[in-house]
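Working notes, structure below.
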Amino acid sequence: QVQLVESGGGLVQAGGSLRLSCAASGRTFSIYGMAWFRQPPGKEREFVARISRSGGSTDNADSVKGRFTISRDNAKNTVFLEMNNLKPEDTAVYYCAQGTSGWASRLSREYDYWGQGTQVTVSS
């Protein structure tokens with residue numbers, strides 16, 4: 001049974017930083033790409049960032065480029081999202097997802113496994 005557990009969310013002022021973590025269990029972590037998505041209040045879930053199984057390739061949504069960094073530690077079965085220069089529009093529930101191959105999709109419908117989400121609130 002795959003389990004993904006996010007942590008690290010919270011309330012931060014605009015311009016601040018947070019680091020999200022997602023601990024995975026249930027299958028061999030290093031085989032699969034990973035991704036972060038978010039769901040702002042009243043909106044649909046949207047892609048944030050993805051990383052290949054080795055960590056050698058990453059891809060960010062345009063809205064977070066230059067501010068967010070995705071990384072992973074395969075020895076600890078964990079994927080991270082470092083978020084800097086946070087803006088009020090980054091307020092959302094953030095979810096990690098595990099892909100079905102060594103790369104990860106930008107499309108939420110292609111994921112079977114999701115964490116429970118962690119709330120990030122950025123005040124102005």
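Hydrogens, waters and symmetry mates are skipped; everything else that's a heavy atom, side chains included, is used.
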What's the spacing between [X] [atom1] and [Y] [atom2] if we round to 0.5 Å?
| X | Y | atom1 | atom2 | value |
| --- | --- | --- | --- | --- |
| Asn77 | Gln3 | CG | CD | 12.0 Å |
| Glu89 | Lys43 | CD | NZ | 9.0 Å |
| Ile51 | Ser57 | CD1 | OG | 8.5 Å |
| Glu6 | Leu81 | CD | CG | 11.0 Å |
| Ser54 | Ile31 | OG | CD1 | 13.0 Å |

Under 3.5 Å, is there a donor-acceptor pair linking the side chains of [X] and [Y]?
| X | Y | value |
| --- | --- | --- |
| Thr69 | Glu82 | no |
| Gln119 | Thr121 | yes |
| Arg27 | Gln98 | yes |
| Arg53 | Tyr32 | no |

Given Trp36 and Arg50, is the side-chain contact (heavy atoms from CB on, under 4.5 Å) satisfied, shown in steps? CA-CA 6 Å; Trp36 286 96; Arg50 57 181 173 169; over 6 Å; no

Same cluster or not: are [X] and [Y] linked, directly or through other Ile, Leu, Val, Met, Phe, Trp or Tyr residues, by side-chain heavy atoms under 4.5 angstrom apart?
| X | Y | answer |
| --- | --- | --- |
| Val120 | Met34 | yes |
| Val79 | Val2 | yes |
| Phe37 | Phe68 | no |

Taking it one step at a time, do Met83 and Val48 satisfy side-chain contact (heavy atoms from CB on, under 4.5 Å)? CA-CA 11 Å; Met83 306 186 294; Val48 175; over 6 Å; no

Can I get a per-line list of side-chain donor-acceptor pairs under 3.5 Å for residues 15-24, giving both atom names and the distance, sequence neighbours left out?
residue, atom, partner, partner atom, Å
Ser17, OG, Asn84, OD1, 2.8

Using modelled atom types and a 3.5 Å cut-off, is there a donor and acceptor pairing between side-chain atoms of [X] and backbone atoms of [Y]?
| X | Y | value |
| --- | --- | --- |
| Thr91 | Val122 | yes |
| Ser63 | Ala61 | no |
| Tyr111 | Ser105 | yes |

Ala49 and Asn60: which non-hydrogen atoms are nearest, and at how many Å?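 Closest approach of Ala49 to Asn60, heavy atoms only: CB-OD1, 3.4 Å.
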
Looking only at non-hydrogen atoms, find the nearest pair between Ala35 and Ala104 and report the distance. CB-CB, 4.3 Å

Row check, Phe29 ring normal vs Arg72 NZ/CZ: under 6.0 Å, within 45°: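 Yes, Arg72 and Phe29 form such a contact.
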
Look at Asp90 together with Lys87 and state whether they make a salt bridge at an N to O cut-off of under 4.0 Å. no

Flag side-chain contact, heavy atom, 4.5 Å: [X] against [Y]:
| X | Y | result |
| --- | --- | --- |
| Phe80 | Ile70 | no |
| Thr100 | Tyr113 | no |
| Arg106 | Asp59 | yes |

Residues clustering with Leu11 (ILVMFWY side chains joined when closer than 4.5 Å, directly or via others):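 Members besides Leu11: none; it forms no cluster.
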
Give the ring-plane orientation class for Tyr95 versus Trp114, where under 30° counts as parallel, over 60° as perpendicular and anything between as tilted.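 Aromatic pair Tyr95/Trp114 classed perpendicular.
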
